[in-house]
Amino acid sequence: SSSIPASSYRLGAISAPLHEIYPKPLYNALSYAITEHFEKQMPGFLFEDALLHGVETRTSSPLRLVRNRTTLQAGGVDNLYPAGEGAGFAGGIVSAAVDGLVVANAIKAKFLTGDGDGNGNAFKSSKSIGFDY
């Protein structure tokens, strides 16, 4: 459809035919999950004005990407910083936010402030949020 309901997403939304974008097995799996599982477990999840903004799961990642413990860069890939729940480094929104801050500090250390040892190795934060990170 060319007309879609209003969205609170600040960048807006456009209509897209998922059955044409995604491979058939993925589209079928999404369609089945939304109609046969989500709607039955959470009545009202599926309704006429619903918008699917992107593919996102509500579960933790079943895998963990490899990242260097010091630089936080992906193993073998410079300047790629896996972070948060999807990369396997968090188990919820709060821990994903904390991991995002840790990774942001590592990126800042490498590219912006010179904090760290000059090799992209961030120094441990001196701020405390109740636990070491």
If you round to the nearest 0.5 Å, how far is [atom2] of [Y] from [atom1] of [X]?
X	Y	atom1	atom2	result
K108	L101	NZ	CG	11.0 Å
Q73	L80	CD	CG	8.5 Å
S95	E85	OG	CD	6.5 Å
K110	N105	NZ	CG	15.5 Å
Y27	I21	OH	CD1	11.0 Å
I14	I4	CD1	CD1	8.0 Å

Going by the salt bridge (Lys or Arg N to Asp or Glu O under 4.0 Å) test, which pairs reach into residues 90-103, not counting sequence neighbours?
-> R67-D99

Pairs meeting criterion salt bridge (Lys or Arg N to Asp or Glu O under 4.0 Å) with involvement of residues 19-35, two or more places apart = none

Report yes if the side chains of N28 and S31 come closer than 4.5 Å at any heavy-atom pair, otherwise no.
-> no

Who passes side chain to side chain contact (heavy atoms under 4.5 Å, CB included) against [X], sequence neighbours left out?
X	value
P5	D49, L51
V66	none
P43	E39
E36	Y32, K40

Do F111 and L72 belong together in a cluster built from hydrophobic side chains that touch within less than 4.5 Å?
-> yes

Is there a path of hydrophobic side-chain contacts, each under 4.5 Å between heavy atoms of I, L, V, M, F, W or Y residues, that connects V98 with I93?
-> no

Looking at V103, L65, V77, which one forms a side chain to side chain contact (heavy atoms under 4.5 Å, CB included) with P82?
-> L65

